[in-house]
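Working notes, structure below.
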Amino acid sequence: MLVTSQPQPQTMSTANSSRWIAHVDLDAFFASCEQRDDPALRGRPVIVGALPGQRGVVAAASYEARAFGVHSAMPIGEAARRCPDAVYLRPDMDKYRQVSRQVMAALQSITPLVEVASVDEAYLDVSGLKRLLGPPAAIGERIKSVIREATALTASVGIGPNRLLAKLGSEHRKPDGLTIIRPDEAQGFLDPLPVSALRGAGPRAQAVFRRLGIGTIRALRDCDPERLTTAFGRRAALGFLRQARGEASAEVLPGRPRKSISKETTFQQDIEDQAALRAQLVALAAGVARTARRERLAGHRVTLKVRYRGFETHTRQRRLTQATQDERVLARVAAELLADPRLPQRPVRLIGVGLSDWA
DNA sequence: GATACGAGACATATAGTA
DNA sequence: CTAATACTATATGTCTCG
Ligand SMILES: [Mg+2]
Ligand SMILES: [Mg+2]
């Protein structure tokens with residue numbers, strides 16, 4: 001069964017008429033942070049992620065590394081084959097979070113209507129800035145310049161009548177790009193794009209589109225809704241068709257609270273020993289609890305995740321009457337979940353602990 | 001007594017970000 | 001054929017309860 005998430009209907013022609021939404025995305029974020037802080041890395045391929053010989057993937061590749069075909073989520077072994085002379089670095093998440101806060105603070109100086117979408121991405125409702133800053137292009141340049149002044153990093157910016165078009169705009173020209181999509185240009189911009197550009201069109205959905213012979217957004221628009229519904233289900237099908245017409249939410253929601261905290265680790269070699277696994281759970285539980293306490297969150301739901309040799313993955317969760325942020329409780333509950341006799345008794349590749357359902 | 005149905009819990013699938 | 005992260009979010013199928 002194919003499951004995809006779809007944005008809720010929020011047509012530009014109805015509730016949110018004539019808005020301007022900006023999407024901001026830092027270029028090769030982790031790799032750019034490292035090149036900024038070490039001049040010796042500038043102009044060289046930089047790959048942030050696992051180190052060659054380890055288990056893991058590329059988190060971020062500099063544009064010099066991308067020239068070798070290296071990209072995010074590529075197994076590190078393949079990256080090492082394609083680009084043996086790159087500089088390989090482990091991620092420094094504390095650094096990236098700090099830079100991220102500087103970026104978001106800079107954006108706040110332009111408008112309070114900033115929605116943080118990831119560590120290096122944000123949506124801004126810039127509808128009201130016309131009088132202050134001028135046309136969308138001037139607003140986009142302003143966004144890029146405050147980020148550059150605050151962090152010495154480049155960003156790509158898309159501005160359009162809703163979130164979808166803003167996001168596709170920021171993807172369109174990068175690095176250091178700026179793309180404005182006016183409402184009357186939207187359909188012409190969308191039509192030649194591959195359906196893989198749409199939100200919710202991941203590997204599984206793309207395979208279905210391929211089977212249906214639908215390659216471009218134009219072809220999707222011309223497709224019989226019945227046929228699409230059969231393939232994707234009603235909700236996903238209508239969602240794709242809406243996007244194909246350029247319809248999407250134009251809402252920007254500042255300060256969205258997080259819904260879960262989790263920590264997981266993949267072992268360099270699979271672990272069979274149950275005591276060793278419980279020791280890992282203790283460390284992961286401590287990490288989750290630390291984040292929970294820092295953010296003053298206590299959760300009712302504990303989730304255990306286990307991935308076995310061969311990549312088979314299982315989760316187990318339990319709801320606690322009393323919400324917790326205590327690593328001892330987390331570790332104990334996770335260990336009890338791991339003891340579920342219905343779980344495979346096989347070498348474990350990955351184990352993780354999560355906390356959600358805030359008090 | 002059997003059945004329908006909504007709510008909630010749980011397990012899994014899929015996606016998107018670096 | 002081998003390799004395949006960490007983290008977060010959402011959709012949906014299945015089960016149980018009342
Ligand atoms: Mg980015
Ligand atoms: Mg991004």
Side-chain angles (χ1 to χ4, degrees), chain A residues 1-8 23 25-34 46-62 65-66 70-81 89-93 95-97 99-100 116-122 167 170-171 196-208 232-236 239 256-268 284 287-288 291 300-320 337 340 342-343 349-357:
Chain A
M1 180 57 190
L2 178 75
V3 181
T4 56
S5 64
Q6 292 291 335
Q8 280 309 294
H23 180 258
D25 194 335
L26 279 283
D27 301 314
F29 183 51
F30 296 176
S32 298
C33 287
E34 300 301 343
V46 172
I47 294 171
V48 180
L51 301 180
Q54 293 183 331
R55 273 182 167 168
V57 302
V58 174
S62 71
R66 293 182 192 194
V70 177
H71 56 78
S72 288
M74 176 179 281
I76 202 67
E78 185 178 348
R81 249 180 289 120
L89 299 173
R90 295 288 300 162
D92 182 350
M93 292 310 300
K95 171 189 288 189
Y96 312 143
R97 271 190 289 265
V99 176
S100 179
V116 178
S118 82
V119 71
D120 81 322
E121 266 173 76
K167 170 86 179 168
S170 72
E171 291 278 304
S196 59
L198 296 178
R199 309 292 293 177
R204 299 300 294 248
Q206 284 172 51
V208 174
F232 288 107
R234 192 183 153 81
R235 189 184 172 96
R256 291 181 55 178
R258 75 147 84 215
K259 298 189 174 177
S260 67
I261 299 168
S262 64
K263 303 284 176 202
E264 65 187 52
T265 184
T266 295
F267 308 122
Q268 284 307 309
L284 293 165
V288 170
T291 302
H300 282 287
R301 184 167 303 277
V302 178
T303 300
L304 171 78
K305 175 177 175 180
V306 192
R307 174 169 290 157
Y308 297 87
R309 177 174 294 171
F311 235 66
E312 182 182 332
T313 306
H314 291 270
T315 61
R316 288 290 184 273
Q317 43 185 296
R318 183 188 301 168
R319 187 180 162 85
L320 309 177
L337 291 167
D340 184 334
R342 292 165 299 182
L343 286 173
R349 178 189 178 95
L350 168 155
I351 200 161
V353 176
L355 185 65
S356 57
D357 287 12

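No experiment lies behind these values; they were computed from the predicted model shown. Below, read A as the first sequence line, B as the second, and so on, with proteins coming before strands; counting in each chain starts at 1.
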Next item on the list: Could you work out which one of B/dT14, C/dT10, B/dT17 sits closest to the side chain of A/R204?
Entry: B/dT14

Next item on the list: Indicate whether A/F311 forms a stack on C/dA4; treat it as stacked only if centroid distance is below 5.5 angstrom and interplanar angle below 30 degrees.
Entry: yes

Check: B/dT17, C/dT10, C/dA6: which one has an atom nearest the side-chain heavy atoms of A/R256?
Finding: C/dT10

Next item on the list: Give a yes/no on whether any side-chain N or O of A/R307 is located under 4.0 angstrom from OP1 or OP2 of C/dT5.
Entry: yes

Notebook entry, point to check: Name the stems with DNA chain B in them: runs of three or more consecutive Watson-Crick or G-U pairs, distances under 3.5 Å?
Noted result: B:5-18 with C:5-18

Check: So which heavy atom on A/S100 is nearest to which on A/V119, and how close?
Finding: OG-O, 2.6 Å

Check: Taking all atoms of both residues into account, what is the closest heavy-atom pair of A/R301 and A/D357, and its distance?
Finding: NE-OD2, 3.0 Å

Note to self: Looking at C/dA3, I'd like to know if its phosphate oxygens (OP1 or OP2) sit under 4.0 Å from a side-chain N or O belonging to A/R309.
What the structure shows: no

Note to self: Measuring from the side chain of A/L350 (C-beta onward, heavy atoms only), which nucleotide among C/dA6, C/dA4, B/dA18 has the closest atom?
What the structure shows: C/dA6

Check: Any idea which heavy atoms bring A/L337 and A/L343 closest together, and the distance?
Finding: O-CD1, 3.6 Å

Notebook entry, point to check: At under 4.0 Å between heavy atoms, what does A/I47 touch on the DNA or RNA strands: base, sugar-phosphate, or nothing?
Noted result: nothing

Next item on the list: Under 4.0 Å between any heavy atoms, over every strand shown, what does A/K167 touch: base, sugar-phosphate, or nothing? Just pick one.
Entry: sugar-phosphate

Next item on the list: Determine the interatomic distance between C1' on C/dG18 and the same-named atom on B/dT3; round to the nearest Å.
Entry: 13 Å

Item checked: Nearest to side-chain heavy atoms of A/R258, which nucleotide of B/dA15, C/dA9, C/dA4 -> C/dA9

Kindly give the atom pairs (protein nitrogen or oxygen, nucleotide nitrogen or oxygen) under 3.5 Å for nucleotides 7-11 of chain B.
{"from": "B/dC10", "atom 1": "OP2", "to": "A/R301", "atom 2": "NH1", "distance (Å)": "2.0"}
{"from": "B/dC10", "atom 1": "OP2", "to": "A/R301", "atom 2": "NH2", "distance (Å)": "3.0"}
{"from": "B/dA11", "atom 1": "OP2", "to": "A/Q317", "atom 2": "N", "distance (Å)": "2.6"}

Notebook entry, point to check: Does A/T266 have a side-chain nitrogen or oxygen under 4.0 Å from the phosphate oxygens OP1 or OP2 of C/dA6?
Noted result: yes

Next item on the list: Just compare C/dA6, C/dT8, B/dT17 and give me whichever is closest to any side-chain atom of A/T265.
Entry: C/dA6

Notebook entry, point to check: So which heavy atom on A/K95 is nearest to which on A/C33, and how close?
Noted result: CD-CB, 4.3 Å

Next item on the list: Using a heavy-atom cut-off of under 4.0 Å over every strand shown, decide if A/A60 touches base, sugar-phosphate, or nothing.
Entry: sugar-phosphate

Next item on the list: Could you pull out the closest heavy-atom pair between A/A205 and A/G200, with the gap in Å?
Entry: CB-O, 3.8 Å

Notebook entry, point to check: Just by distance, do the side chain of A/T265 and the backbone of A/K263 share a donor-acceptor pair under 3.5 Å?
Noted result: no

Note to self: Please pick, from C/dA6, C/dT8, B/dA18, the nucleotide with the shortest atom-to-atom distance to any side-chain atom of A/A73.
What the structure shows: B/dA18

Next item on the list: Determine the contact category for A/G77: base if any of its heavy atoms lies under 4.0 Å from a base atom, sugar-phosphate if only primed atoms, P, OP1 or OP2 are that close, otherwise nothing.
Entry: nothing

Notebook entry, point to check: Choosing from C/dT12, C/dC7, B/dA18, which nucleotide comes nearest the side chain of A/S262?
Noted result: C/dC7

Check: Reckon A/P203 touches a base, only the sugar-phosphate, or nothing at all at heavy-atom distances under 4.0 Å?
Finding: sugar-phosphate

Item checked: Nucleotide of B/dT17, C/dT8, C/dT5 approaching A/V57 most closely (side-chain heavy atoms) -> C/dT5

Check: Touch check for A/E78, heavy atoms < 4.0 angstrom, all strands: base, sugar-phosphate only, or nothing?
Finding: nothing

Checklist line | Gap in Å between the two P atoms, one belonging to B/dG16 and one to C/dA3, rounded | finding: 27 Å

Check: Would one find a side-chain N or O of A/R235 under 4.0 angstrom from OP1 or OP2 of C/dA11?
Finding: yes

Margin query: A side-chain contact here means heavy atoms from C-beta on lying under 4.5 Å apart; do A/E34 and A/D92 qualify?
Written below: yes

Notebook entry, point to check: Taking the inter-plane angle between the rings of A/Y308 and A/H314 on a 0 to 90° scale, is it parallel (under 30°), tilted (30 to 60°) or perpendicular (over 60°)?
Noted result: perpendicular

Margin query: Quick check for you: among C/dT5, C/dT8, C/dA11, whose closest atom lies nearest to any side-chain atom of A/S260?
Written below: C/dT8

Item checked: Contact check, side chains of A/Y96 and A/L26, non-hydrogen atoms, under 4.5 Å -> no

Check: If you look at every heavy atom in A/A65 and A/I47, which pair is closest and at what distance?
Finding: CB-CG1, 3.8 Å

Item checked: CG on A/D27 to OG on A/S170, rounded to 0.5 Å -> 9.5 Å

